[in-house]
Amino acid sequence: MKFEIKDTYSGDVAILLTHEADYVPAELDALEAGLAGKVKAAVEAGRFRGKAGQSFEYFLSSDAGPKKVILVGAGKTAELTDAELETFGGHAAKAVLNSGYKSADIKAPSARALAGARLAAYRFDKYMTKLTDDQKPSLETITLVTDNVSAAEAEWVGLAAAVAGTEMARDLMNEPPNVLHPESYADRIREMEELGIKVTVLGEEEMTKLGMNALLGVGQGSVRESKMAIMEWKGGGDEAPLALVGKGVCFDTGGISLKPGPNMQDMKGDMGGSAAVVGAMKTLALRKAKANVVGLVGLVENMPDGNASRPGDIVTSMSGQTIENQNTDAEGRLVLCDVLWYAQENYKPRAIIDLATLTGAIIVSLGHDNAGLFSNNDELSSQLTAAGLAENETVWRLPMGSSYDKLLKSQFADMKNIGGPAAGSITAAQFLKRFIQNDTPWAHIDIAGVAWKSVDKAPTDPSWASGFGPRLLDRLIKDNYENA
Ligand code: BES
Ligand code: MN
Ligand code: ZN
């Protein structure tokens with residue numbers, strides 16, 4: 001798909017933004033004299049009133065100009081937020097992708113609508129060998145039509161980078177677990193050196209020397225070697241970096257504490273936190289962000305095996321703290337605790353954010369519309385909350401406290417890796433907090449409910465994997481961690 005920006009209409013279909021206060025725009029007359037009046041009459045006969053997500057199609061018979069006009073509703077008034085413009089762009093693209101037409105113009109005041117269109121145009125069909133032409137999208141070009149082309153083009157540089165990071169996160173998550181495992185995943189991350197990112201990959205031998213036994217224990221039942229990949233982007237000055245840490249469990253069977261069969265295939269997405277970090281690093285490099293950011297991902301596969309870790313095993317983490325593994329399905333925190341510790345020991349970051357598909361319990365708490373946010377820092381929490389609202393990737397903060405922390409007490413080791421039936425997402429966060437040094441500003445984002453979804457999807461989220469994360473992190477950095 002090609003994405004362009006122009007100030008005139010040239011495509012097969014013209015898509016106009018409308019809203020409830022003005023759902024048949026006078027702008028239609030720019031396409032054909034008297035068109036607004038004709039469309040108005042047709043619209044009034046039906047139910048289209050410019051509500052967000054509603055659309056209305058009108059065919060034109062003249063030889064020149066577009067063959068069809070589509071009005072797409074975007075909100076209550078002309079005062080639309082960027083997030084609403086993005087959703088509008090998604091609805092607009094969805095209306096034409098498989099229509100048979102090859103090119104479409106979307107008229108909108110900012111390139112954010114084009115970002116929404118590109119998010120909606122994403123496909124993951126590389127393993128579909130039998131698609132007929134009718135099952136493939138017809139659309140080849142989407143053009144943003146806007147009055148100020150140069151402003152929109154400048155805006156598009158950053159937006160296209162953010163969408164590219166999202167696309168990468170989606171690709172990584174959608175890949176099947178026989179293709180994307182810790183070894184092949186590390187290879188894909190190594191390819192990011194082309195973007196100017198410094199990549200280091202540690203294997204089991206190096207991680208053993210470092211004492212990362214919590215992470216290594218999770219991967220010890222897998223025939224694939226566990227890896228930790230580190231991506232450094234140095235666009236800032238000498239300041240300490242922001243550290244982004246991701247859970248990269250390429251497949252989570254639960255291990256010896258085996259998960260039930262139904263829907264276990266979804267656990268290929270248990271590397272969603274790492275995909276968010278990798279995608280964000282790509283975005284930062286593509287737009288040459290003026291910030292120092294280091295991304296660290298723990299890549300493992302959690303398998304049942306003769307060599308797999310057992311419930312009751314005690315491991316000594318890199319921090320020196322011992323952990324009784326009471327449930328091998330609570331593996332994400334075991335991976336993260338060592339990567340978090342490594343990040344702090346080696347980078348002394350100014351702040352640290354981890355993302356993980358950590359608990360099923362967060363889906364019980366928040367459903368699929370907000371990621372769970374846990375933090376030791378109010379400022380970082382508000383920055384993330386604002387970034388989420390701006391990017392349609394919202395987070396909702398949940399409480400922490402010493403009464404929850406007590407639930408991790410073990411009779412054999414410094415802690416156990418599960419709390420109990422109550423407050424499962426919070427006890428997971430409390431576990432991670434034990435590996436944060438000296439009140440370093442830290443946020444943990446539990447994305448188990450938002451990383452993938454099969455029902456009630458936004459138009460900008462067309463595949464199984466949402467690609468949640470890169471845009472949230474990019475916005476956080478752009479608004480708070482970047483030198484002007
Ligand atoms: N990867 C899962 C969490 C998960 C569940 C992600 C559903 C996405 C959808 C995690 O490793 C896990 O298994 N967590 C356990 C923790 C429990 C054993 C304390 C869970 O949520 O059941
Ligand atoms: Mn698990
Ligand atoms: Zn998991």
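We count ligands from 1, going down the list as the structure has it; atoms in each ligand are counted the same way. In what follows, residues are counted from 1 in the order of the sequence shown. Here the structure is a predicted model, which is why all the values come from computation and not from measurement. We use all heavy atoms of the structure for the numbers below, so side chains are in, but hydrogens, waters and symmetry mates are not.
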Flag for Asp171-Tyr122: side-chain donor and acceptor within less than 3.5 Å: yes
Any ion pair linking Arg112 and Glu391 (charged N to carboxylate O, less than 4.0 Å)? yes
Give me the nearest non-hydrogen protein atom to atom 9 (C) of ligand 1 as residue plus atom name, then the distance to 0.1 Å. Met267 CE, 3.6 Å
For atom 19 (C) of ligand 1, state which one of Ile447, Ile418, Ile362 supplies the nearest heavy atom. Ile418
So does Glu331 pair up with Lys247, basic N to acidic O under 4.0 Å? yes
With a 4.0 Å cut-off on N to O distance, would you call Glu86 and Arg471 a salt bridge? yes
Once rounded to the nearest 0.5 Å, what's the spacing between atom CD1 of Ile15 and atom CG of Leu144? 11.0 Å
Cut-off 3.5 Å, side chains only: do Tyr185 and Ser274 have a donor facing an acceptor? yes
Decide whether the shortest distance between a heavy atom of Trp452 and an atom of ligand 1 is less than 4.0 Å. yes
Would you call Asp405 and Arg434 a salt bridge, taking side-chain N to carboxylate O under 4.0 Å as the test? yes
With distance as the sole test, does Lys416 use its side chain to make a donor-acceptor pair with the main-chain N or O of Asn325 at under 3.5 Å? no
For atom 6 (C) of ligand 1, the closest protein heavy atom turns out to be Ala448 CB, 3.6 Å
Out of all atoms in ligand 1, which are within 4.0 Å of some heavy atom of Glu331? Include the element for each. 11 (O)
In plain terms, say whether Lys209 and Glu204 are close enough for a salt bridge, that is, a side-chain N and a carboxylate O under 4.0 Å apart. no
Would you say Lys247 touches ligand 1, if touching means a heavy atom closer than 4.0 Å? yes
I need the atoms of ligand 1 closer than 4.0 Å to a non-hydrogen atom of Thr357, numbered in the order shown. 1 (N), 2 (C), 3 (C), 6 (C)
Establish, from distance only, whether the side-chain atoms of Asn302 and Thr253 form a donor-acceptor pair under 3.5 Å. no
Within a strict 4.5 Å, meaning less than it, do heavy atoms of the Leu432 and Trp442 side chains meet? yes
Geometric N/O contact Asp252 with ligand 1, under 3.5 angstrom: yes
Taking 4.0 angstrom as the limit, do Arg118 and Glu167 come out as a salt bridge? yes
Counting only protein N/O/S, how many atoms fall short of 2.8 Å from the Zn ion (ligand 3)? 4
Can you find an N/O atom of Thr359 closer than 3.5 Å to an N/O atom of ligand 1? no
Do NZ/NE/NH1/NH2 and the carboxylate oxygens of Arg397 and Asp378 come within less than 4.0 Å? yes
Using modelled atom types and a 3.5 Å cut-off, is there a donor and acceptor pairing between side-chain atoms of Thr322 and backbone atoms of Asp414? yes
Under-2.8 Å protein N/O/S neighbours of the Mn ion (ligand 2), ordered by chain then residue number: Asp252 OD2, Asp329 O, Asp329 OD1, Glu331 OE1
Tell me which protein heavy atom sits closest to atom 18 (C) of ligand 1, plus the residue, atom name and distance to 0.1 Å. Asn327 ND2, 3.5 Å
Relative to atom 21 (O) of ligand 1, which among Gly360, Gly273, Ser257, Gly269 owns the nearest non-hydrogen atom? Gly360
Answer whether the closest heavy-atom distance between the side chains of Pro241 and Trp233 falls below 4.5 Å. no
Please classify the Leu358 to ligand 1 contact at 4.0 Å (heavy-atom distances, strictly less than): side chain, backbone, both or neither. backbone
Look at atom NZ of Lys433 and say whether more than 12 heavy atoms of other residues, nucleotides or ligands are closer to it than 6.0 Å. no
Return the residue, atom name and 0.1 Å-rounded distance of the protein heavy atom closest to atom 12 (C) of ligand 1. Asp329 O, 3.1 Å
Under 3.5 Å, N or O to N or O, is Arg333 touching ligand 1 that way? no
